Amino acid sequence: MITAKTLNEEEFFYGHKACAGCGGSLAVRIALKVLGEKAVAVLPAGCMSAVGFNYPQLCFSNNAIISTFAGTASMMTGILTGLKARGINDAQVVGFAGDGGTADIGLQALSGTIDRNDNVLYICYDNEAYMNTGIQKSSLTPFGARTTTTPAGHNVRGNLRQKKNLFEIIAAHDIPYAATASVGYIQDFINKVEKASKIRGTKFIHVIAPCPTGWGVKTDETIDVAKEIVDTGLLYLAEYENGKFHITHKPKEFSDVSAYIKRQARFRHLTDEDIALIIEGRDAKWKKIQEEWN
């Protein structure tokens, strides 16, 4: 098992132009260190392509390419086919796409790839909005969050929609392996990337990767808030494999949801009643998990 002590010391994603405290860049960096030099990375329009491909500087030391916004998964299929045609069977094709590029714009291509069961790994780094283009709402933006397209003021309350349950939507395809993760629990993320790399067929990991700019937290708080979202129970760390769900980390006691929310500028307009609704939704979800998964 790969641990922080045995993790590859070579860097495959470095010198990029990501904002200080970027959770997405950490997810990409760690995943590539697990997958190694033979990984071929595909990235659509989004934060990681914007910060990683700056002419004349390429911030990937392994093979990497920008895909169309909607076509991450389909381009992965094409690359896999090309590698096979050249007799290269030991490369890991991996996609890194944001929440908008996955749950919204790229979902159709991803669904098709899963249907074909192509041997690729798709990693969604979820910063809960279209951060690269100005912090617009995506379908993975949580309830109540303020974005530039879901403003908050006297007459509006931020995003009025619940976050799409992407993990279970992907699992409904009966994919060989899917998981949720957080950069706040790096060892758990490392374990899941390593495990996915050894499974044949399509694999999917949905990793929470806070954006200090969009979330309204300090640049040195990324790991703290990424850990808190798990500790509060607002994100569950889980796997889907062999047709079954299971939790990989269960807090003994949930930490304070109110404290987690109020430290983020995107939620500061929320009332105690709003927070109570969020807690109610969390409790309902965990009740369902306990009744149906275990």
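In this chain, residues are counted from 1 in sequence order. None of the values given here were measured: they were computed from a predicted structure.
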What verdict does the salt bridge (charged side-chain N to carboxylate O under 4.0 Å, His left out) test give for Lys33 and Glu11, after you've listed the backbone C-alpha separation in whole Å, the side-chain angles of each residue and the deciding distance to 0.1 Å? CA-CA 7 Å; Lys33 286 170 78 70; Glu11 297 293 342; 3.2 Å; yes

Partner of Phe254 under ring pair (Phe, Tyr, Trp, His ring centres under 6.0 Å), picked from Tyr236, Trp286, Tyr260, is Trp286

Among Phe96, Phe53, Tyr14, Phe12, which one satisfies ring pair (Phe, Tyr, Trp, His ring centres under 6.0 Å) with Phe60? Phe53

Euclidean distance, Cys47 SG relative to Asn132 CG, rounded to 0.5 Å: 4.5 Å

Measuring from atom OH of Tyr130 to atom SG of Cys211, what distance do you get when rounded to the nearest 0.5 angstrom? 15.0 Å

Indicate yes or no: at least one non-hydrogen side-chain atom of Val257 is less than 4.5 angstrom from one of Ile275. yes

If you define the side chain from C-beta out and look only at heavy atoms, does anything of Val94 sit under 4.5 Å from Ile123? yes

What are the two closest heavy atoms between Leu235 and Ser182, and how far apart are they? CD2-CB, 4.0 Å

Hey, any chance Met48 and Ile30 share a hydrophobic cluster, counting ILVMFWY side chains that come within less than 4.5 Å of each other, even indirectly? yes

Between Tyr240 and Asp174, is any side-chain donor less than 3.5 angstrom from a side-chain acceptor? yes

What verdict does the side chain to side chain contact (heavy atoms under 4.5 Å, CB included) test give for Asp224 and Lys227, after you've listed the backbone C-alpha separation in whole Å, the side-chain angles of each residue and the deciding distance to 0.1 Å? CA-CA 5 Å; Asp224 290 342; Lys227 186 174 185 298; 5.9 Å; no

Assess whether side chain to side chain donor-acceptor pair (under 3.5 Å) is satisfied between Glu168 and Asn165, documenting all intermediate values. CA-CA 6 Å; Glu168 292 186 33; Asn165 194 334; 3.2 Å; yes

Measuring from Ile278:CD1 to Thr232:OG1, what's the distance to the nearest 0.5 Å? 10.0 Å

Kindly assign one of parallel, tilted or perpendicular to the pair Tyr185 and His249, based on the angle between their ring planes and the thresholds 30° and 60°. tilted

side-chain contact (heavy atoms from CB on, under 4.5 Å) partner of Tyr122, the single match among Thr102, Ile205, Ile170, Val42: Thr102

For Asn62 against Ala39, the heavy-atom pair lying closest together: ND2-O, 2.9 Å

Check Lys218 against Pro212 and note the closest heavy-atom contact, atom names and distance. O-CB, 4.1 Å

What's the separation between atom CG in Leu237 and atom OG1 in Thr248, rounded to the nearest 0.5 Å? 4.5 Å

Quick one: CD on Glu37 to OG on Ser61, what's the gap to the nearest 0.5 Å? 8.5 Å

How about Thr147 and Thr141: do any of their side-chain heavy atoms sit closer than 4.5 Å? yes

Heavy-atom closest contact (His269 atom, Arg157 atom, distance): O-NH2, 2.7 Å

Does either side chain, that of Asn54 or that of Gln57, offer a donor lying less than 3.5 Å from an acceptor on the other one? no

Pair Gln290-Lys250, side chain to side chain contact (heavy atoms under 4.5 Å, CB included): steps then yes or no: CA-CA 11 Å; Gln290 291 170 350; Lys250 185 177 181 180; 3.3 Å; yes

Scan side-chain atoms only and decide if Lys38 and Asn63 contain a donor-acceptor pair under the 3.5 Å cut-off. no

Whether Asn127 side chain and Ala209 backbone form a donor-acceptor pair below 3.5 Å: no

Closest heavy-atom contact between Lys164 and Ala103? NZ-O, 2.8 Å

If only side-chain N and O atoms count, and only distance matters, is there a donor-acceptor pair under 3.5 Å linking Asp118 with Thr202? no

List the steps, then state whether side chain to side chain contact (heavy atoms under 4.5 Å, CB included) holds for Ile135 with Thr213. CA-CA 9 Å; Ile135 317 176; Thr213 303; 4.3 Å; yes

Linked, directly or transitively: Leu32 and Ile79 (ILVMFWY side chains, under 4.5 Å): no

Is the backbone of Ile105 close enough, under 3.5 Å, to the side chain of Gln108 for a donor and an acceptor to pair up by distance? no

Nearest 0.5 Å, please: how far is CG in Leu107 from OG1 in Thr72? 11.5 Å

What I'd like to find out is whether the side chain of Met76 reaches to under 4.5 Å of the side chain of Thr113, using heavy atoms alone. no

Below 4.5 Å, heavy atoms only, C-beta onward: do Gln92 and Val40 meet side chain to side chain? no

Of Arg146, Lys137, Lys163, the residue whose pairing with Glu128 passes salt bridge (charged side-chain N to carboxylate O under 4.0 Å, His left out): Lys163

With a 4.5 Å heavy-atom cut-off, do Leu43 and Ile65 have their side chains touching? no

Look only at the side chain of Ser25 and the backbone of Ala18, and say whether a donor-acceptor pair between them is shorter than 3.5 Å. no

Close side-chain approach of Val225 to Arg263, heavy-atom, < 4.5 Å: yes

May I ask you to check whether Ser138 and Asp99 show a side-chain donor-acceptor distance below 3.5 Å? yes

Are Tyr125 and Phe69 in one and the same hydrophobic cluster, where Ile, Leu, Val, Met, Phe, Trp and Tyr link if side-chain heavy atoms are under 4.5 Å apart? no

Considering all heavy atoms of both residues, which atom of Arg161 and which atom of Asn159 are nearest to each other, and what is their separation? O-ND2, 3.0 Å

Quick one about Asp126 and His206 (side-chain donor to acceptor, distance below 3.5 Å, no hydrogens or angles considered), yes or no? yes

Determine, stepwise, if the pair Lys192 / Glu239 fulfils salt bridge (charged side-chain N to carboxylate O under 4.0 Å, His left out). CA-CA 9 Å; Lys192 288 169 178 173; Glu239 291 178 313; 5.6 Å; no

Would you say the side-chain atoms of Thr222 pair up with the backbone N or O of Cys22, donor to acceptor, closer than 3.5 Å? no

Is the shortest side-chain heavy-atom distance between Gln264 and Ile261 below 4.5 Å? no

Ile2 and Val193: CA distance, side-chain angles, deciding distance, side chain to side chain contact (heavy atoms under 4.5 Å, CB included) verdict: CA-CA 10 Å; Ile2 297 174; Val193 173; over 6 Å; no

Is the side chain of Lys198 donor-acceptor paired with the backbone N or O of Glu194 at a distance under 3.5 Å, no angle test? no

